[in-house]
Amino acid sequence: MDRRHFLQWSSALALMPVLASKSRAEGMADMPGMDHAAMDHGASASMPAAESLGLPRGLPLPALSMLANQGGSGQFVGQLQAAPVSLPLLPGKPATTFWAYNGQIPGPAIVAWEGDEVDIAFANKLQQPSTIHWHGMPVPAEQDGNPHNPVLPGQQHAYRFRLPPGSAASYWYHPHPHGHTAQQAYMGLAGVFVVKSRNDPLAHLPEQWLVLSDLKLDAHGQIADSSAADRHDGREGQFVLVNGGWQPVITLAQGERQRWRIWNASSARILKLALPAHEVQLVGTDGGLIGAPRHIDTLLLSPGERAEIVVTGRFATGQPSALQSLPYNRGKAMSPEQGETLTLATIRQAGSKATAMLPDKLRDITALGEPAVKRVVQFSENMANPAAMFLINGKKFDMNRVDFTGKVGQIEEWDIVSQAHMDHPFHIHGTQFQVIARTDDGVWQTEPFLAWRDVVNIPAGETVRLRFVQTMPGLRMFHCHILEHEDAGMMAMLDVRT
């Protein structure tokens, strides 16, 4: 029995008293405040099948709307408002209520340049506190949308920061109020933020931007509440959308090279992506371009992760011309794993084109040196205690507790250790890190190439070793990026001091 399956069996045994108590609770039909609809153990046990709802599919890939820049040269000035919006989604059913930035799903894309001064005015029109977290971006702690700086219902806040040289990458923004993050995200609050460089070696390639997200609808065409299984395993829906569309069509010419920026904006789904009919090179990760293109057959993206790939149209005979999500077992205990290949988008041939040049070198990445500090961060689960199931170093998140203290400019090395039965993607605020090594079935393997990241998946029972430097002082969150686990307490704080 391998490590993952041992942990899954151990977790299942630990979970039995909890499930038994839930079964007893389900029998208390007259107990006030009991959410009986959420007590199903399968995440989609009472949800209608995707095909039965009539969501349109097979339409052209929706283009992302752009947030207008109201600033001058060297500035990006704009406004974002979080508010409910009703959008026609299913034929013959009432409009679906989302929570959206500026009434758009996904939220408007922000495009700025290295060196720009950014000024975003945020208005919260929800009935909950909210924030905007600039995921992966090098922004001051007080501007990063931490849960310590909530924007209350009806209030506004101006986020201001500068984009330093070398920060070109595919970032995104989403809420980060503690206890409400998962709901606000699955209701629709997310958008992308692309920082560009004026010395981009891939600027000659046409781009496709793909925001991958989950949608879970009930029989009335409304966004479903999370079930007990969603809160435990992490929420997945019947639909995986691309830019808000279901199984859209992307056009690509034979021989054409396109640069694709891909965001996994789902709450919990780990995507093992493939384009079997085409040639694919990895050219970038969360923190921007890597040193040189690398041929890949599959790309694993956990929630919050981004990647840049170059796709060359080959349309290989006998291979499906589609962007696929291959089966992946992430260790769920209360709902089924993805057991079949999903078609996320169809790739349609549109003539032929000459194949553009792909540089052998993309940029220099210098390895971080020896660390001044080494730490261990343990992800664990305690299924016997529903009030504190998801832990870091044995503790549930406390807004008033500092877990680690660090220094500006100091190289730190962290071992992120999974003592859990399921995968947990690690994310830290305020900086990017380099993965140095990781275990595979308990055996250490050196990372094959240097890259800047801010999310890395930690498989059940494994360890990932990473190094980073924080360049600005303040409180920095680190947590599991399965948003239901983050809300449940799988989060901690690093206080960075000068």
Side-chain angles (χ1 to χ4, degrees), residues 130-137 139 141 144-150 171-186 189-190 231-235 264-270 286 301-306 330 375-382 387-406 412 414-420 422-433 435 453-460 463-464 466 468 470 474-496:
S130 192
T131 75
I132 298 181
H133 169 50
W134 309 100
H135 182 118
M137 301 182 70
V139 306
D144 201 24
N146 286 337
H148 299 79
N149 305 115
Y171 305 104
W172 65 305
Y173 61 92
H174 61 81
H176 214 297
H178 185 51
H180 301 292
T181 298
Q183 183 185 20
Q184 292 185 17
Y186 75 65
L189 290 168
R231 292 188 290 272
H232 176 270
D233 290 339
R235 179 185 174 102
N264 184 350
S266 65
S267 293
R269 189 185 295 269
I270 295 177
D286 301 326
L301 285 185
S302 57
E305 270 192 279
R306 291 87 64 210
R330 62 181 181 88
R375 309 188 198 270
V376 175
V377 174
Q378 295 177 337
F379 282 167
S380 63
E381 301 157 3
N382 179 12
M389 289 194 295
F390 299 103
L391 310 172
I392 292 181
N393 288 352
K395 298 176 182 177
K396 182 180 177 179
F397 177 64
D398 183 340
M399 289 273 283
N400 299 309
R401 184 187 69 238
V402 170
D403 298 272
F404 296 142
T405 301
E412 298 212 12
W414 289 17
D415 279 3
I416 317 299
V417 181
S418 171
Q419 296 179 332
M422 71 177 84
D423 291 20
H424 292 285
F426 170 86
H427 171 54
I428 189 167
H429 291 200
T431 192
Q432 300 281 324
F433 54 74
V435 173
R453 307 174 186 272
D454 55 65
V455 179
V456 62
N457 189 49
I458 317 296
T463 300
V464 172
L466 54 85
F468 64 84
Q470 292 278 4
L475 284 176
R476 298 297 187 178
M477 323 305 294
F478 57 96
H479 56 84
C480 172
H481 215 280
I482 293 176
L483 299 183
E484 289 77 18
H485 298 171
E486 172 195 321
D487 275 346
M490 205 171 220
M491 182 159 61
M493 290 191 291
L494 168 69
D495 186 9
V496 183

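Quantities reported herein were computed from a predicted structural model and do not represent experimental measurements.
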Kindly write out the residues that satisfy ring pair (Phe, Tyr, Trp, His ring centres under 6.0 Å) with F468, not counting sequence neighbours, or none if the list is empty.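 Per chain and number, F468 pairs via ring pair (Phe, Tyr, Trp, His ring centres under 6.0 Å) with W414.
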
Under the ring pair (Phe, Tyr, Trp, His ring centres under 6.0 Å) rule, collect the residues that match up with H178, sequence neighbours excluded.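 For H178 the ring pair (Phe, Tyr, Trp, His ring centres under 6.0 Å) partners, ignoring immediate neighbours, are F397.
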
Taking all atoms of both residues into account, what is the closest heavy-atom pair of [X] and [Y], and its distance?
{"X": "P177", "Y": "D487", "answer": "O-OD1, 4.2 Å"}
{"X": "H429", "Y": "N146", "answer": "ND1-OD1, 3.4 Å"}
{"X": "F390", "Y": "R231", "answer": "CE1-O, 4.0 Å"}
{"X": "H148", "Y": "M399", "answer": "NE2-O, 3.0 Å"}
{"X": "A460", "Y": "A420", "answer": "CB-O, 3.5 Å"}
{"X": "L475", "Y": "V402", "answer": "CD2-CG2, 4.0 Å"}

Nearest 0.5 Å, what's the [atom1]-[atom2] distance between [X] and [Y]?
{"X": "T431", "Y": "L494", "atom1": "OG1", "atom2": "CG", "answer": "10.5 Å"}
{"X": "Q184", "Y": "S130", "atom1": "CD", "atom2": "OG", "answer": "3.5 Å"}
{"X": "W172", "Y": "M137", "atom1": "CH2", "atom2": "CE", "answer": "13.5 Å"}
{"X": "R330", "Y": "I482", "atom1": "CZ", "atom2": "CD1", "answer": "5.0 Å"}
{"X": "T131", "Y": "H174", "atom1": "OG1", "atom2": "NE2", "answer": "8.5 Å"}

Quick one, D415 with R375, criterion side-chain contact (heavy atoms from CB on, under 4.5 Å). Give me CA distance, side-chain angles, the key distance, then yes/no. CA-CA 6 Å; D415 279 3; R375 309 188 198 270; over 6 Å; no

Going by atom types only, do H424 and H479 share a side-chain donor-acceptor pair under 3.5 Å?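 No pair is found: no donor N or O on one side chain lies under 3.5 Å from an acceptor on the other.
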
Can you find a side-chain donor-acceptor pair between N264 and E305 that sits under 3.5 Å?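 No, because no side-chain N or O of N264 sits under 3.5 Å from a partner of the opposite role on E305.
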
Would you please test C480 and M491 for side-chain contact (heavy atoms from CB on, under 4.5 Å) and show each step? CA-CA 7 Å; C480 172; M491 182 159 61; over 6 Å; no

Do D144 and R476 meet the salt-bridge criterion of a basic N to acidic O distance under 4.0 Å?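 The answer is yes: the pair qualifies as a salt bridge.
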
Check this for me: does any side-chain nitrogen of one of R453 and D286 sit under 4.0 Å from a carboxylate oxygen of the other?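 Salt bridge flag = no for D286 with R453.
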
Would you mind listing every salt bridge (charged side-chain N to carboxylate O under 4.0 Å, His left out) that reaches into residues 393-402, with sequence neighbours excluded?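 Sorted result for residues 393-402: R401-D403.
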
Would you say the rings of H485 and H232 are close, in the sense that their centroids are separated by under 6.0 Å?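 They do not qualify: ring centres at least 6.0 Å apart.
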
With a 4.5 Å limit on heavy-atom distance, are the side chains of M477 and I428 in contact?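 Side chain of M477 against side chain of I428, heavy atoms only: no contact under 4.5 Å found.
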
Taking the side chain as every heavy atom from C-beta outward, state whether S302 and D423 have any atom pair closer than 4.5 Å.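 When only atoms from C-beta onward are counted, D423 and S302 do not touch, as no gap falls below 4.5 Å.
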
S267 and E484: CA distance, side-chain angles, deciding distance, side-chain contact (heavy atoms from CB on, under 4.5 Å) verdict: CA-CA 7 Å; S267 293; E484 289 77 18; 3.8 Å; yes

Test log, rule side-chain contact (heavy atoms from CB on, under 4.5 Å), inputs M490 and F379: CA-CA 8 Å; M490 205 171 220; F379 282 167; 3.7 Å; yes

Is R306 close enough and on-axis enough to Y171, meaning under 6.0 Å and within 45°, for cation-pi?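 No - R306 does not lie over the ring of Y171 by the 6.0 Å and 45° rule.
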
Using the ring of each side chain (for Trp, its six-membered ring), is F478 parallel, tilted or perpendicular to F426, with breaks at 30° and 60°?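 Judged by the thresholds at 30° and 60°, the geometry between F478 and F426 is tilted.
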
